[in-house]
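Below: the structure, in structure tokens.
These numbers come from a predicted model, not from an experiment. Counting starts at 1 for both ligands and their atoms, in listed order.
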Amino acid sequence: MTDSLQDKAVVVTGAGSGIGRATARAFASAGAQVLAVGRTKERLVETAGDDPRITPYAADITEEPDAVVDAAVGAYGHIDIIVNNAAIIGGGALGEHDRVQVERIFQTNLFAPVFLTQAALPHLSDGGTIVNLSTAIMHGLRAWPGASIYGASKVALEFLTRTWAVELAPRRVRVVGIAPGIIATPVLVNNGVPAEQRAAMRAAAEEFTPLGRIGQPEEIAWWILNACRDEASFATGFVLAVDGGVAVSKGP
Ligand SMILES: NC(=O)c1ccc[n+]([C@@H]2O[C@H](COP(=O)([O-])OP(=O)(O)OC[C@H]3O[C@@H](n4cnc5c(N)ncnc54)[C@H](OP(=O)(O)O)[C@@H]3O)[C@@H](O)[C@H]2O)c1
């Protein structure tokens, strides 16, 4: 590996756990400076540990996108990489969703990346990269009963990825997507899924994932990191499934 991420200015949302935590640490290990964003300060501090390259910044991305950008620009002068990773899940068939939940999912998973990326536009460096986190489960035209709202938020984010890639190409800013399969993170705990249901969901995931296991957060962080390297600079507008084969199989 080269040192092409050395001193890059990176914003990672949802950096207090799971994929975001692994991503923040991976960028810092590669020599980048990372603004680690999430709502819970203690989790971000834990992510940073004693690594001075990670700066915890507590903020709700649905309410404070400008403040996040100001913090990054204040610390680094510009922004090279944004990882739109923070998201919430919320299951249920159409008749089971309440309006508050639906709005919250779209605000967090879709509107926040829109307004955060928009606020960052004047500060994005030539050759910068935006990484949007999707999911491999609803790949292509596949249905996902019980997760229509969450899935719709990610389908929309993939469309933004492709469209922004073209819009920002003249500025040499790339926009890419990473679509994980089922990954061992606290996402189900964070979103209030009971232990019994979590165990059943994990067993099912091991069953429907062709490689026969779920992934680790570091296995997603690796792809996020490498998609942002200068060596990847001819690739934009793609959404890459990192999923043990879920996207190309029959799915759940
Ligand atoms: N894990 C999987 O199996 C899987 C599969 C496919 C796709 N993904 C995608 O991968 C990404 C990361 O998922 P994960 O599993 O690592 O989830 P996670 O462990 O629950 O992490 C999500 C983080 O987002 C933060 N967050 C939520 N709402 C926020 C808000 N309004 N403002 C700021 N931060 C907020 C949470 O911290 P606070 O509560 O402290 O704010 C949390 O640390 C998501 O986009 C998810 O959709 C995950």
**Message:** Tell me the nearest of Gly215, Ser17, Gly18, Ala221 to atom 18 (P) of ligand 1, using heavy-atom distances.
**Reply:** Ser17
**Fill in**
atom 48 (C) of ligand 1: of Ile19, Ile224, Thr135, Thr108, the nearest heavy atom sits on Ile19
**Message:** Please list the nearest protein heavy atom to atom 3 (O) of ligand 1 with its residue and the distance rounded to 0.1 Å.
**Reply:** Ile183 N, 2.8 Å
**Fill in**
Note: ligand 1 atoms sitting under 4.0 Å from heavy atoms of Thr62 are 31 (N)
**Item:** From Ile178, Asn190, Ile88, Leu188 - option closest to atom 20 (O) of ligand 1 by heavy atom
**Value:** Asn190
**Request:** Please confirm whether the backbone N or O of Gln101 pairs with a side-chain atom of Asp98, one donor and one acceptor, at under 3.5 Å?
**Result:** yes
**Request:** Output yes when a side-chain donor or acceptor of Asp80 lies under 3.5 Å from a complementary backbone atom of Ala9, and no otherwise.
**Result:** yes
**Prompt:** In the protein, which heavy atom is nearest to atom 40 (O) of ligand 1, and how far is it?
**Reply:** Thr40 OG1, 2.5 Å
**Request:** For the pair Arg171 (side chain) and Leu124 (backbone), establish whether a donor and an acceptor sit closer than 3.5 Å, ignoring hydrogens and angles.
**Result:** yes
**Prompt:** Heavy-atom contacts under 4.0 Å between Thr185 and ligand 1: side chain, backbone, both, or neither?
**Reply:** side chain
**Request:** Could you check atom 7 (C) of ligand 1 against the protein and tell me its nearest heavy-atom contact, residue, atom and distance included?
**Result:** Ser134 O, 3.1 Å
**Request:** Identify which of Arg39, Glu63, Arg202 has a heavy atom lying nearest to atom 29 (C) of ligand 1.
**Result:** Arg39
**Message:** In the structure I gave you, are the side-chain heavy atoms of Ile82 and Ile79 within less than 4.5 Å of one another anywhere?
**Reply:** yes
**Request:** Output yes when a side-chain donor or acceptor of Glu219 lies under 3.5 Å from a complementary backbone atom of Gly215, and no otherwise.
**Result:** no
**Request:** Please write down residue, atom name and distance for the protein heavy atom closest to atom 26 (N) of ligand 1.
**Result:** Ala86 CB, 3.8 Å
**Asked** atom 36 (C) of ligand 1: which protein heavy atom is closest, and how many Å away?
**Response** Arg43 NH1, 4.1 Å
**Asked** Got a sec: does the CH2 of Trp144 have more than 12 other heavy atoms crowding it under 6.0 Å?
**Response** yes
**Message:** On a heavy-atom basis, I'd like to know which of Gly38, Pro180, Ala59 is closest to atom 6 (C) of ligand 1.
**Reply:** Pro180
**Minimum non-hydrogen distance to atom 11 (C) of ligand 1, winning option of Val83, Asn85, Asn84, Val68** = Asn85
**Request:** For Ile182, take its heavy atoms, then give the atoms of ligand 1 lying under 4.0 Å from any of them.
**Result:** 3 (O)
**Request:** Kindly confirm or rule out an N or O of Ala136 lying under 3.5 angstrom from an N or O of ligand 1.
**Result:** no
**Message:** List ligand 1 atoms under 4.0 Å from Asp60, heavy atoms only on the residue side.
**Reply:** 30 (C), 31 (N), 32 (N)
**Prompt:** Per the side-chain hydrogen bond (donor to acceptor under 3.5 Å, both in side chains) rule, which among Asn85, Thr161, Thr117 passes with Asn132?
**Reply:** Thr161
**Asked** Which atoms of ligand 1 are found less than 4.0 Å from any heavy atom of Arg104?
**Response** 31 (N)
**Test item: Thr13 side-chain N/O and Ala86 main-chain N/O as donor-acceptor pair under 3.5 Å** = yes
**Prompt:** What is the closest protein heavy atom to atom 47 (O) of ligand 1, and at what distance does it sit?
**Reply:** Tyr150 OH, 2.6 Å
**Asked** Would Val246 and Leu157 show up in the same hydrophobic cluster when neighbours are defined by side-chain heavy atoms closer than 4.5 Å?
**Response** no
**Item:** Same apolar cluster: Trp164 and Leu116, side chain cutoff 4.5 Å
**Value:** yes
**Prompt:** Nearest protein heavy atom to atom 5 (C) of ligand 1, by residue and atom, and its distance?
**Reply:** Gly181 O, 3.0 Å
**Message:** Under a 3.5 Å distance rule, please check whether Glu96 uses its side chain to pair with a backbone N or O of Ala93 as donor and acceptor.
**Reply:** yes
**Identity and separation of the nearest protein heavy atom to atom 25 (C) of ligand 1** = Gly14 CA, 3.6 Å
**Request:** Using a 4.0 Å heavy-atom threshold (strictly under), name the region of Arg21 that reaches ligand 1: side chain, backbone, both or neither.
**Result:** neither
**Cluster overlap Ile130 with Val73, hydrophobic side-chain contacts below 4.5 Å** = yes
**Request:** Give a yes or no on whether Ile88 and Val187 share a hydrophobic cluster (residues Ile, Leu, Val, Met, Phe, Trp, Tyr; joining criterion: side-chain heavy atoms under 4.5 Å apart).
**Result:** no
**Prompt:** Where on Ala179 is there a heavy atom closer than 4.0 Å to ligand 1, on the side chain, on the backbone, on both, or on neither?
**Reply:** neither
**Message:** Counting only nitrogen or oxygen atoms and a 3.5 angstrom limit, does Asn191 reach ligand 1?
**Reply:** no
**Min side-chain heavy-atom separation Val83-Val11 under 4.5 Å** = no
